[in-house]
Number of protein chains: 2
Amino acid sequence: MNIQFKKGVLELCVFAILEDGDCYGYELVNKISKNITISEGTIYPLLRRLTKEGYFKTYLVESSEGPPRKYYKITPEGLVVYKNLKKQWFSFVEGVNNVIERGDDSE
Amino acid sequence: MNIQFKKGVLELCVFAILEDGDCYGYELVNKISKNITISEGTIYPLLRRLTKEGYFKTYLVESSEGPPRKYYKITPEGLVVYKNLKKQWFSFVEGVNNVIERGDDSE
DNA sequence: CAAACTACCTTGCATAGCAATGTAGTGAAC
DNA sequence: GTTCACTACATTGCTATGCAAGGTAGTTTG
């Protein structure tokens with residue numbers, strides 16, 4: 001899979017999944033992996049960053065299957081950023097499709 | 001516009017436009033700019049790289065409106081790479097849409 | 001206690017886009 | 001006749017993000 005394509009989009013994916021319900025990091029990796037190749041080394045720093053920026057809050061939950069899980073919950077600010085990012089993504093894809101399908105738009 | 005989204009995709013756009021007919025750098029910037037914000041500082045290094053990798057050939061054409069134009073022509077190898085990249089792009093977009101729309105796929 | 005799984009985390013590297021800047025040619029304005 | 005705007009090429013240093021590779025620690029199975 002083309003690594004470059006993912007730049008900025010994984011952030012959007014994480015937002016989208018968390019909007020549907022709180023998750024912990026390892027769970028996010030597994031969910032995203034069903035559709036896009038992703039590694040833990042990508043997700044954890046991303047979650048830290050977005051938490052630091054105030055878009056997520058975290059809480060720990062004990063697990064009977066391993067170490068405690070750090071759950072991430074989207075904040076109201078995060079929700080605003082997410083909706084904006086989602087719009088940008090769709091309009092970007094539309095722009096790319098215009099270029100690809102017509103090579104050019106006018107004339 | 002989100003800069004990160006463009007990573008790797010501008011390459012695809014350049015391929016797509018050149019598949020439709022030879023262009024010079026400045027022209028490519030203008031064509032892509034109709035749909036996606038782009039700067040010259042991005043396009044010229046990209047064209048150099050893809051030419052060096054054997055995906056484009058170039059030829060100069062005098063212009064009455066300024067300095068000579070360097071036209072880029074896609075090579076057979078370039079065409080193969082382009083078709084592959086295009087497939088990857090569409091499958092990537094599909095994957096992202098799956099994540100965004102369902103948050104998850106299974107269950 | 002070793003292997004396999006869950007679950008967290010960090011470091012250094014590669015990549016691509018961009019702003020800023022520079023060079024030259026043409027043509028119009030003043 | 002020189003200043004401005006446009007065409008058209010190009011380079012440098014910066015930034016951001018994803019990844020491989022590595023590590024820590026808890027649980028369960030043998």
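Just so it is clear: chains get the letters A, B, ... in the order the sequence lines come, proteins before strands, and each one is counted from 1. Remember, it's a predicted structure, so these values are computed and weren't measured experimentally.
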Using 0.5 Å steps for rounding, measure from the [atom1] atom of [X] to the [atom2] atom of [Y].
X     : Y     : atom1 : atom2 : answer
A:N2  : B:K87 : CG    : NZ    : 15.0 Å
B:I43 : B:L28 : CD1   : CG    : 5.5 Å
A:K31 : A:L18 : NZ    : CG    : 9.0 Å

Discussion item. Donor-acceptor check, side chain of B:T51 to backbone of B:L47, threshold 3.5 angstrom: yes or no?
Written reply: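 Checked: pair present.
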Worksheet item: When you measure from the side chain of A:T37 to the backbone N and O of A:M1, does any donor-acceptor pair fall under 3.5 Å?
Response: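 Checked: no pair found.
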Output the rounded distance in Å from [atom1] ([X]) to [atom2] ([N]).
X     : N      : atom1 : atom2 : answer
B:I38 : C:dA19 : CD1   : C1'   : 14 Å
A:L47 : C:dA7  : CG    : P     : 14 Å
A:R48 : C:dC9  : CZ    : P     : 6 Å
A:E27 : C:dC5  : CD    : P     : 19 Å
B:L50 : C:dT15 : CG    : P     : 14 Å
A:F5  : C:dG17 : CZ    : P     : 10 Å
A:I3  : C:dG17 : CD1   : P     : 14 Å
B:I36 : C:dC18 : CD1   : C1'   : 15 Å

Fill in: C:dA7 OP1/OP2 closer than 4.0 Å to side-chain N/O of A:S63
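It does, given that an N or O in the side chain of A:S63 lies less than 4.0 Å from OP1 or OP2 of C:dA7.
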Worksheet item: Going by distance alone, is a donor N or O of one side chain under 3.5 Å from an acceptor N or O of the other, for A:N84 and A:Q88?
Response: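 Judged by distance alone, the side chains do pair up.
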Worksheet item: Do the side-chain N and O atoms of B:E77 and B:T75 include a donor-acceptor pair separated by under 3.5 angstrom?
Response: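 Yes, a side-chain donor-acceptor pair sits under 3.5 Å.
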Can you tell me which nucleotide in [options] comes closest to the side chain of [X]?
X     : options               : answer
A:Y72 : C:dA24, C:dC9, C:dG17 : C:dC9
B:L46 : C:dG17, C:dT10, C:dC8 : C:dG17
A:Y26 : C:dG17, C:dA16, C:dA7 : C:dA7

Discussion item. Return whichever of B:Y71 or A:R49 has its heavy-atom-nearest nucleotide of DNA chain D closer to the 5' end.
Written reply: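 By nearest-heavy-atom nucleotide position, the 5'-most residue is B:Y71.
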Worksheet item: Mapping B:R69 and A:G66 onto DNA chain D by nearest heavy atom, which one lands closer to the 5' end?
Response: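 Upstream on the strand: B:R69.
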Worksheet entry | Opening and closing nucleotides of DNA chain D in contact with chain A, under 4.0 Å to non-hydrogen atoms |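 Answer, 5' to 3': D:dT17 to D:dT28.
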Pick base, sugar-phosphate or nothing for [X], based on heavy-atom distances below 4.0 Å to the nucleic acid.
X     : value
A:G41 : base
A:E40 : base
A:K7  : base
B:T58 : nothing

Fill in: Rounded to 10 degrees, the angle between the two terminal axes of the helix from C:dC1-D:dG30 to C:dC30-D:dG1, each from five pairs
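The end axes of the helix from C:dC1-D:dG30 to C:dC30-D:dG1 are about 10° apart, to the nearest 10°.
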Worksheet item: On DNA chain C, nearest-nucleotide positions of A:Y44 versus B:T42: which is more 5'?
Response: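 Its nucleotide being nearer the 5' end, the pick is A:Y44.
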Worksheet item: Parallel, tilted or perpendicular: which fits the ring planes of A:F5 and B:W89, with parallel below 30° and perpendicular above 60°?
Response: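 Rings of A:F5 and B:W89: perpendicular, as their planes differ by over 60°.
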Discussion item. Taking B:R49 first and then B:E11, would you say they form a salt bridge - that is, a charged N and a carboxylate O separated by under 4.0 Å?
Written reply: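 Looking at B:R49 and B:E11, the cut-off is met.
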Discussion item. Less than 6.0 angstrom separating the ring centers of A:F56 and A:F15, yes or no?
Written reply: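 Yes, they do, as the ring centres are separated by less than 6.0 Å.
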